[in-house]
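Report on the following structure.
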2 protein chains.
Amino acid sequence: MNLSARQLRAFVALVEERHFTRAAQRCHLTQPAFSALIRTLEEAAGVRLFDRNTRRVELTAEARVLEVSARRLLADMELAMEDLRDHAARRRGRVAVAALPSLAAGWLPPLLARFHAEYPGIELHLRDALLDPCLDMVSQGEVDFAVASRRADMSGLDSAFLHADRFHLVCRADHALAQQATVRLRDVLRWPWIALARNSSVRKHLDQALGEAAAPPLLEVEHLATVTGLVQAGVGVSLVPGMTLFHFQRPGLVIRSLAGRALTRPLYMVRRKGRALSVAAQGLHDLLLAHPMSEGAGEAGP
Amino acid sequence: MNLSARQLRAFVALVEERHFTRAAQRCHLTQPAFSALIRTLEEAAGVRLFDRNTRRVELTAEARVLEVSARRLLADMELAMEDLRDHAARRRGRVAVAALPSLAAGWLPPLLARFHAEYPGIELHLRDALLDPCLDMVSQGEVDFAVASRRADMSGLDSAFLHADRFHLVCRADHALAQQATVRLRDVLRWPWIALARNSSVRKHLDQALGEAAAPPLLEVEHLATVTGLVQAGVGVSLVPGMTLFHFQRPGLVIRSLAGRALTRPLYMVRRKGRALSVAAQGLHDLLLAHPMSEGAGEAGP
DNA sequence: CACACTTACGATATTCGTAAGGATT
DNA sequence: AATCCTTACGAATATCGTAAGTGTG
């Protein structure tokens with residue numbers, strides 16, 4: 001049997017009006033069509049719901065039984081559809097995004113703030129993690145998408161290029177390398193340098209670009225903030241991508257571009273293959289794509 | 001917007017099968033028809049609910065939101081219809097009936113017992129009251145119908161004749177009137193007699209039948225049981241309808257028919273005019289009609 | 001190339017609205 | 001006589017099933 005919202009609305013209208021013609025008007029139907037609607041409901045239910053003579057329309061005991069359920073059902077149906085439309089209109093929802101620590105700290109926050117200002121009803125989740133956990137979270141559907149780089153095994157994942165994140169030299173202002181506006185990579189590698197841990201995307205791309213021949217780093221640390229401290233203390237210099245430079249915009253430190261062939265860490269928007277984003281996630285996704293990364297990004301926003 | 005049970009069932013089927021063809025079979029539809037059903041649901045909702053390529057069908061985040069509501073809505077709808085069908089099949093319901101005290105004590109109980117045995121799910125209410133309250137309860141819809149006699153003002157009420165309740169003489173076995181198998185009314189009225197109160201239907205019919213000329217009663221009492229006591233003590237005789245005779249089937253008392261023109265209290269099934277009975281009430285109504293009153297009725301049943 | 005969803009289209013079933021019918025006050 | 005629900009019937013709409021189309025692995 002097929003119960004429809006229209007039948008329930010007609011039933012409730014007739015319960016309230018106790019008058020076929022007026023109830024029909026309320027349902028934007030002619031009276032005979034309305035009459036047929038009630039009849040089909042009665043047939044489906046197997047009970048007479050209204051006692052009608054031409055002068056009076058009265059509820060049967062069975063109609064009173066149905067009335068309670070009918071009102072609740074209608075309310076629940078409209079609530080369910082409203083809920084769904086809220087999600088469609090991005091008035092409600094949930095987006096989870098994974099991002100490399102550098103992006104999660106610098107580029108992303110102002111964009112998340114903007115998204116939240118526009119869609120305050122949407123719950124936001126940000127997972128800042130290293131490359132592998134980022135991509136694993138996408139694979140397992142734990143997050144809607146990730147902003148990260150790529151790895152060897154990208155099976156089940158779709159990636160869209162976002163930005164070529166150029167490496168820069170960071171060193172003390174009184175360092176010899178700070179004298180030039182642009183430095184050559186081979187000049188940098190003659191000095192003691194600080195590297196991030198091997199599981200970081202920054203280090204992976206650097207190793208890949210430098211090859212085996214390059215001098216090993218003086219120190220390996222986990223966090224960029226530690227690199228900042230070491231460089232500031234004069235322990236060594238470092239090579240970091242543009243999106244991390246906000247860590248190094250401090251007095252006594254300078255940032256220098258690298259000459260020649262661009263040394264970059266390519267960044268991607270990574271999603272699960274063959275799987276559409278939720279309306280809310282698509283909204284954030286589009287916002288991120290509409291605000292490409294730039295060297296200046298990541299500075300303290302308003 | 002019009003949400004239907006069929007749409008919800010299709011949606012849930014697809015959520016569970018994640019396969020259009022199989023879900024369509026479960027709904028007894030061809031796959032294209034099923035596909036259209038899902039599409040209309042998506043259009044009504046304003047959200048894509050399934051990501052389908054020819055190889056895989058996946059739920060969107062919005063579908064997960066709807067799934068919970070859809071299952072609950074379907075369960076509630078089926079519950080509501082089941083409830084209604086239970087009332088139609090007299091598996092559930094409620095009947096309230098009013099009856100004159102004599103009938104409520106004698107004739108009705110075995111029939112109510114039989115009705116309850118057949119439809120144990122139906123709640124029974126019996127209001128034993130004098131004629132006027134009985135009919136008022138019908139007028140106000142407090143009870144479904146009454147088993148009673150009629151009065152002058154029967155407006156808004158429909159009555160169907162049930163039984164002509166013949167009056168009988170009751171007296172002590174050693175009373176002079178007890179000598180004859182059948183007594184004449186004018187012989188009875190020469191003896192002191194006990195009457196019920198003037199608001200009882202028994203008394204009203206008796207007064208109407210006897211006219212002004214008859215001797216007034218020695219005593220007027222409220223309850224038939226009191227009449228029994230008075231007659232048994234030899235205070236007087238009494239004239240009571242057949243349906244009350246079970247009160248007088250006691251040692252030392254005799255019951256005698258009246259000769260000549262039948263002196264009766266006509267009894268009716270009284271319902272509110274132009275108003276159908278509930279399925280449950282109709283059931284009891286029919287049962288009562290199928291078991292006409294008889295002189296022997298009202299004796300202690302099994 | 002096989003499976004699975006979509007589109008196209010003619011047939012069927014529902015539902016609608018207009019008009020006539022019947023009942024009640 | 002007026003009101004109001006029901007029935008009748010042709011028209012519009014929706015839905016269905018068959019068959020062809022398209023895309024994915």
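All chains are named by letter (A, B, ...) in the order of the sequence lines, taking the proteins before the strands, and each is independently numbered beginning at 1.
For residues 3-13 of chain A, every residue pair satisfying the salt bridge (Lys or Arg N to Asp or Glu O under 4.0 Å) rule, not counting sequence neighbours, is listed here: R9(A)-E78(A). Within the structure, the side-chain hydrogen bond (donor to acceptor under 3.5 Å, both in side chains) test picks out the following pairs touching residues 37-47 of chain A (sequence neighbours left out): Q7(A)-T40(A), E42(A)-R52(A).
Within a heavy-atom distance below 4.0 Å of DNA chain D, no residue of residues 14-22 of chain B is found.
Residues passing the side chain to side chain donor-acceptor pair (under 3.5 Å) test with D76(A) are R72(B), sequence neighbours excluded. Remark: S69(B) pairs with A80(A) by the side-chain contact (heavy atoms from CB on, under 4.5 Å) rule, at least two apart or across chains. Scanning for side-chain contact (heavy atoms from CB on, under 4.5 Å) contacts around A96(A) gives R94(A), H125(A), V143(A), D144(A), with sequence neighbours left out. Under the rule for a side-chain contact (heavy atoms from CB on, under 4.5 Å), the partners of T30(B) that lie at least two apart in sequence or sit in another chain are P32(B), A33(B). The side-chain contact (heavy atoms from CB on, under 4.5 Å) test applied to Y119(A) returns R90(A), F115(A), I122(A), not counting sequence neighbours.
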Discussion item. Could you walk me through whether D132(A) and R151(A) satisfy the side-chain contact (heavy atoms from CB on, under 4.5 Å) test, starting with their C-alpha distance in whole Å, then the side-chain angles of each, then the deciding distance to 0.1 Å, before giving a yes or no?
Written reply: CA-CA 8 Å; D132(A) 277 319; R151(A) 64 178 173 199; 2.7 Å; yes
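Between the CZ atom of R52(A) and the P atom of dT6(D) there is a distance of 4 Å, rounded to whole Å. Summarising the geometry, the separation between CZ on R6(A) and C1' on dT13(D) is reported as 11 Å, rounded to the nearest angstrom.
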Report, one line per pair, each donor and acceptor closer than 3.5 Å where one atom sits in a side chain of residues 278-287 of chain B; sequence neighbours left out.
residue, atom, partner, partner atom, Å
S278(B), OG, A281(B), N, 3.0
Q282(B), NE2, D286(B), OD1, 2.9

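Between E62(B) and R48(B) there is no salt bridge, since no side-chain N of the basic residue sits under 4.0 Å from a carboxylate O of the acidic one. For E123(B) and R92(B), the salt-bridge test fails: no basic side-chain N is under 4.0 Å from an acidic carboxylate O.
Rounded to 10 degrees, the angle separating the terminal helix axes of the helix from dC1(C)-dG25(D) to dT25(C)-dA1(D), each built from five base pairs, is 30°.
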Distances for protein N or O near nucleotides 19-23 of chain D N or O, under 3.5 Å:
residue, atom, partner, partner atom, Å
dG23(D), N2, T54(B), OG1, 3.1

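Taking side-chain N and O atoms only, S35(A) has a distance below 4.0 Å to OP1 or OP2 of dT6(D).
No side-chain N or O of R272(A) forms a donor-acceptor pair with one of S139(A) less than 3.5 Å apart. For R150(B) and S159(B), the side-chain atoms include at least one donor-acceptor pair closer than 3.5 Å.
The nucleotide range of DNA chain C contacted by chain B, defined by atoms under 4.0 angstrom from heavy atoms of the protein and reported 5' to 3', is dC3(C) to dT7(C).
Taking the nucleotide of DNA chain C with the nearest heavy atom to each of R56(B) and L37(A), the more 5' of the two is matched to R56(B).
Looking at heavy-atom distances under 4.0 Å, L29(A) makes contact with sugar-phosphate atoms alone, never a base.
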